[in-house]
Amino acid sequence: SLDYKNYCGDLHHVDGIYASELRDWNSAIDLTIKGLKLKEEAQNPYSIGVLKSNLGSLFNIVGKLSEAEKMIREAIKVLESIRNIDGTALAYSNLANIYLSSGEYKTAVDMQLQSLKLHIQQGNLQRISGRYTSLIDIYANILKDLPETQHYINELNDLEANLDLTISY
């Protein structure tokens, strides 16, 4: 049944995440592919998008950059088709990491900016903060661009200053 395939796909996905935590990349890839196949059989577009994005990140880690890019672009198509803003934004951030790995730093910035735009649209402050941090890292440590680094530090500081961090009892 489709429910059973979904369930088994979830199990493989969780096992793949666990293998990733252990840095057993080949097992993580194999388990994620198994989970993806089951999710495709179950016709679960959200999970298909998430697993393709995760698989792309795993391919990036093991240096299979063309497979990584292909998988994440497929994830973006699926996640955009179901209007999943958070998943799409995270997939763009994963795509940025592939461009960082391949030395295409300006394209990596463009992908992080696309991710940031979607997170701003969604209003997810934690994710916005993460994208600012990624941009700061790229501009400070790779591009050595002090004005852009300072710009995103200021954006991050403004975001944090405007958060209501008070705890009411």
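If you're wondering where the values come from, they're calculated on a predicted model, not measured in any experiment.
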Closest non-hydrogen atom pair, Asn60 against Ala68: N-CB, 3.6 Å
From Ser115 atom OG to Leu135 atom CG, the distance as rounded to the nearest 0.5 Å: 9.0 Å
ILVMFWY network linking Leu116 to Ile142, side-chain heavy atoms under 4.5 angstrom: yes
Closest contact, heavy atoms only, Gly56 versus Ile72: CA-CG1, 3.7 Å
Side-chain donor-acceptor contact under 3.5 Å, Tyr92 with Gln114: no
Interatomic distance, Glu40 atom CD to Leu51 atom CG [nearest 0.5 angstrom]: 9.0 Å
Taking every non-hydrogen atom, the tightest pair across Ile76 and Ala91: CG1-CB, 3.6 Å
Intermediate values then yes/no, side-chain contact (heavy atoms from CB on, under 4.5 Å), Leu100 and Tyr105: CA-CA 6 Å; Leu100 286 174; Tyr105 304 126; 3.8 Å; yes
Ser129 backbone acceptor or donor facing Thr133 side chain under 3.5 Å: yes
Verify same cluster id: Ile17, Ile48 (apolar side-chain graph, 4.5 Å): no
Working for side-chain contact (heavy atoms from CB on, under 4.5 Å), residues Leu113 and Val109: CA-CA 6 Å; Leu113 289 172; Val109 167; 3.8 Å; yes
Aromatic ring pairing Tyr152/Tyr139, orientation class (parallel under 30°, perpendicular over 60°, tilted between): parallel
Which atom of Ala75 lies closest to which atom of Ser53, heavy atoms considered: CB-N, 3.5 Å
Hydrophobic cluster identity match, Ile136 and Leu125, side-chain contacts under 4.5 Å: yes
Joint cluster assignment, Leu156 & Ile128, ILVMFWY side-chain distance < 4.5 Å: yes
Nearest-0.5 Å distance, CE of residue Met71 to CG of residue Leu58: 10.5 Å
Pro45 versus Val78, closest heavy-atom pair with distance: O-CG1, 3.1 Å
Criterion side-chain contact (heavy atoms from CB on, under 4.5 Å) on Leu79 and Leu90, from CA distance to verdict: CA-CA 10 Å; Leu79 293 164; Leu90 291 172; over 6 Å; no
Pairwise distance CD(Glu155) to CD(Glu160) - rounded to 0.5 angstrom: 12.0 Å
Euclidean distance, Lys144 NZ relative to Asn141 CG, rounded to 0.5 Å: 5.5 Å
Full working for side-chain contact (heavy atoms from CB on, under 4.5 Å) between His119 and Asp86: CA-CA 7 Å; His119 286 311; Asp86 189 57; 3.3 Å; yes
Shortest non-hydrogen contact between Leu31 and His12, atoms and distance: O-CB, 3.4 Å
Heavy-atom donor-acceptor pair, Ser101 side chain to Asn97 backbone, under 3.5 Å: yes
Test item: Ile29 and Thr32 side chains (from C-beta on) under 4.5 Å apart, heavy atoms: no
Cluster overlap Ile61 with Val50, hydrophobic side-chain contacts below 4.5 Å: no
Side-chain heavy-atom pair Glu148, Leu143 within 4.5 angstrom cut-off: no
side-chain hydrogen bond (donor to acceptor under 3.5 Å, both in side chains) partner of Tyr99, the single match among Gln112, Glu69, Lys106: Glu69
Straight-line distance of Lys52 NZ to Ile33 CD1, nearest 0.5 Å: 11.0 Å
Presence of salt bridge, Lys37 and Glu41, under 4.0 angstrom: no
